[in-house]
Amino acid sequence: MNDVVIVGAGIIGMLTARELMAAGLSVTLLERRQPAKESSWAGGGILSPLYPWRYPDAVSELARMSQHAYPGLCEALAGETGIDPELEISGLLTSGLDDMAEAVRWAGRFDVQLEPVSAERAMQLEPQLGVALQDCVWMPGLGQVRNPRLTRALRASLDHAGAKMHVNRPALGWVMEAGRIRAVRTAGGDIEADAFVVASGAWTAGLLKDTGLSLPIQPVRGQMILFRGPPGLVRRITLHEGRYAIPRRDGRVLFGSTLEYTGFEKHTTREAFESLCQSAFSLLPTLKDLPIECHWAGLRPGSPDGVPVIGPHPELSNLYVCAGHFRNGVVLAPGSARLLADQLTGRQAAIDVAPYLPEVASVK
Ligand SMILES: Cc1cc2nc3c(=O)[nH]c(=O)nc-3n(C[C@H](O)[C@H](O)[C@H](O)COP(=O)(O)OP(=O)(O)OC[C@H]3O[C@@H](n4cnc5c(N)ncnc54)[C@H](O)[C@@H]3O)c2cc1C
């Protein structure tokens, strides 16, 4: 029998599997479609929340833990698999702030390098800017990963380590017995385990409904476009009026994103494409000369304040949840996976788990 079955093979499910296997447990992943082809593929890979001081401290604590883990994780994965997740410390330039004092205070509390900069300095940092950005802060220590590469590396490393992965096999429900889960139901039969983790992104609330836990996790669509440019043309992650550019190492520039409450509708729209182009061309006019390679949409696992749900089900003793990472699932993934594994294996967690517990998030 499996020690643990994880439902959902996005970045959260796969990193949780890595943590649990490192603790000596055998893990099976159940994936409805293909691993990491939902939000974890669609995301931008910025390793910081946007405007991080506007989130509850629980998000900053988890982000700090993850940011410390990322260099070692990327190096280990590249070594194990030959796939480089392309961690880049490109810095984050944020403009148009009316809460600069709050940003500075937050940076002091969380020991984050953050400096207010003038419009001239902003232009030096990113010479392609088309507008003189006002009220800016520069966070030089922040960066990005190339999330599709990161998750490809994760999958390869899990395969290599002997994790079982069932693809195109959705979890359909649960077999419950005496305050526990005995098995997860699938079209190919029930799968038993000692413990179960729900890491199903935007689909989490539906999967937990029959267990008596009602979580306020809902799909929030995000659309992005991708420009193909020469390496080094755009240098910094730049955030202006809620929209951002992310320059990849090979010259590609991602530009995003929309925030749309449209249920499980994942298609792209002409309206969003035009709006993203308009924002992109005004922030970085050089993008007008580049071909647009791709336009996509993904479903974020939205939660009311962005604090993910990590921990045991309040009533079913061997069922755990790791979900609801909203706009920050890439940056928060290593810390979340560690926190879940700490709770499942009975280890002392490095930070207080209370703000993330399912009973705190549940809708009564
Ligand atoms: C446009 C956009 C930009 C973003 N930018 C960033 C960013 O810059 N930085 C950042 O940190 N985050 C970003 N995010 C957010 C981030 O991508 C998500 O928070 C993160 O990917 C969530 O990971 P996950 O594994 O929980 O969900 P997912 O990647 O969606 O994975 C969940 C998996 O569960 C599977 N599943 C669902 N139901 C079942 C079932 N019944 N049985 C089996 N499997 C099931 C799904 O098929 C899916 O593969 C962005 C998201 C979007 C859409």
Side-chain angles (χ1 to χ4, degrees), residues 43-74 85-147 234-249 253-257 259 279 283-284 305-308 325-336 350-352 355:
I46 302 175
L47 295 184
S48 169
L50 308 174
Y51 313 103
W53 51 90
R54 295 179 189 169
Y55 282 90
D57 282 358
V59 170
S60 298
E61 294 281 7
L62 211 49
R64 173 163 62 181
M65 203 173 151
S66 299
Q67 285 157 346
H68 286 148
Y70 255 110
L73 173 66
C74 290
E86 297 190 4
L87 172 68
E88 288 280 326
I89 305 302
S90 18
L92 172 58
L93 183 63
T94 302
S95 81
L97 300 180
D98 56 10
D99 53 357
M100 183 92 74
E102 185 50 40
V104 171
R105 261 198 305 278
W106 169 87
R109 286 177 51 231
F110 285 93
D111 201 20
V112 173
Q113 253 185 297
L114 176 149
E115 47 181 290
V117 290
S118 64
E120 296 74 44
R121 174 81 178 118
M123 198 62 89
Q124 282 166 3
L125 287 165
E126 180 45 76
Q128 298 301 338
L129 289 174
V131 279
L133 297 184
Q134 305 297 330
D135 304 313
C136 300
V137 294
W138 167 234
M139 290 184 270
L142 298 183
Q144 54 166 302
V145 284
R146 203 149 167 180
N147 37 308
V234 179
R235 291 163 48 195
R236 309 299 186 187
I237 304 171
T238 308
L239 170 62
H240 179 59
E241 293 175 350
R243 296 233 163 130
Y244 51 85
I246 312 171
R248 297 298 200 212
R249 194 183 285 178
V253 180
L254 283 82
F255 196 89
S257 61
L259 202 63
S279 303
L283 183 63
L284 298 163
D305 55 2
V307 178
H325 293 75
F326 205 178
R327 307 193 77 175
N328 301 306
V330 180
V331 56
L332 301 182
S336 304
I351 61 174
D352 180 13

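For the numbers below, each heavy atom of this structure counts, side chains included, while hydrogens, waters and symmetry mates do not.
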*Could you grab the distance from atom CZ of Arg105 to atom CZ of Arg109, nearest 0.5 Å is fine?*
9.5 Å
*Check whether any side-chain heavy atom of Leu129 lies under 4.5 Å from a side-chain heavy atom of Leu284, and answer yes or no.*
yes
*Give a yes or no on whether the backbone of Leu93 and the side-chain of Thr238 come within a donor-acceptor separation of less than 3.5 Å.*
no
*Would you give the length of the straight line joining atom CG of Leu50 to atom CG of Asn328, rounded to the nearest 0.5 angstrom?*
7.0 Å
*asked:* I'd like to know whether Ser66 forms a side chain to side chain contact (heavy atoms under 4.5 Å, CB included) with Leu47, so could you lay out the CA-CA distance, the side-chain angles of the two residues, the decisive distance to 0.1 Å, and finally the verdict.
replied: CA-CA 9 Å; Ser66 299; Leu47 295 184; over 6 Å; no
*For the residue pair Tyr70 and Val330, what are the closest heavy atoms and their distance?*
OH-O, 2.7 Å
_Can you confirm whether Leu62 sits close enough to Tyr55 that some side-chain heavy atom of one is under 4.5 Å from a side-chain heavy atom of the other?_
no
*Pairs meeting criterion side chain to side chain donor-acceptor pair (under 3.5 Å) with involvement of residues 129-141, two or more places apart*: none
*Work out which heavy atom in Gly143 is nearest to a heavy atom in Ile237; give both atom names and the distance.*
O-CD1, 3.7 Å
*Give the intermediate values and the outcome of side chain to side chain contact (heavy atoms under 4.5 Å, CB included) for residues Ile246 and Val253.*
CA-CA 5 Å; Ile246 312 171; Val253 180; over 6 Å; no
*Output the distance between atom CG (Asp111) and atom OG (Ser60), rounded to the nearest 0.5 Å.*
12.5 Å
*What pair of heavy atoms forms the shortest contact from Asp305 to Pro56, and how long is it?*
O-CD, 3.5 Å
*Just one of Arg248, Arg146, Gln144, Arg249 clears the side chain to side chain donor-acceptor pair (under 3.5 Å) bar with Glu88, so which one?*
Arg249
*Any donor-acceptor pair under 3.5 Å linking the side chain of Arg236 with the backbone of Leu125?*
yes
*Show your reasoning for whether side chain to side chain contact (heavy atoms under 4.5 Å, CB included) applies to Gln124 and Val117.*
CA-CA 10 Å; Gln124 282 166 3; Val117 290; over 6 Å; no
*Would you check if Val104 and Leu114 make a side-chain contact, meaning some heavy-atom pair closer than 4.5 Å?*
yes
*Determine whether Arg327 and Ser257 make a side-chain contact, defined as any pair of heavy atoms from C-beta on separated by less than 4.5 Å.*
yes
*Any idea which heavy atoms bring Asn147 and Gly43 closest together, and the distance?*
ND2-O, 2.8 Å
*In sequence, state the C-alpha distance, the side-chain angles, and the governing distance for Leu283 and Leu133, and then conclude on side chain to side chain contact (heavy atoms under 4.5 Å, CB included).*
CA-CA 9 Å; Leu283 183 63; Leu133 297 184; 4.1 Å; yes
*Less than 4.5 Å apart, any side-chain heavy atom of Phe326 and any of Val59?*
no
*What are the two closest heavy atoms between Arg243 and Ser279, and how far apart are they?*
NH1-OG, 3.0 Å
*CE/Met123 to OG/Ser118 distance, rounded to the nearest 0.5 angstrom?*
10.5 Å
*Is it true that a side-chain atom of Thr94 and a backbone atom of Leu239 form a donor plus acceptor pair closer than 3.5 Å?*
no
*Could you give the distance from OG (Ser336) to CE (Met65), rounded to the nearest 0.5 Å?*
8.5 Å
*With rounding to the nearest 0.5 Å, note down the distance linking CG in Leu73 to NE2 in His68.*
14.5 Å
*Atom of Pro71, atom of Leu87 and distance for their closest heavy-atom approach*: CA-CD2, 3.7 Å
_Do Tyr51 and Asp99 pair up side chain to side chain, a donor and an acceptor below 3.5 Å, judged on atom types alone?_
no
*Distance-only side-chain donor-acceptor flag, Arg235 / Gln128, under 3.5 Å*: no
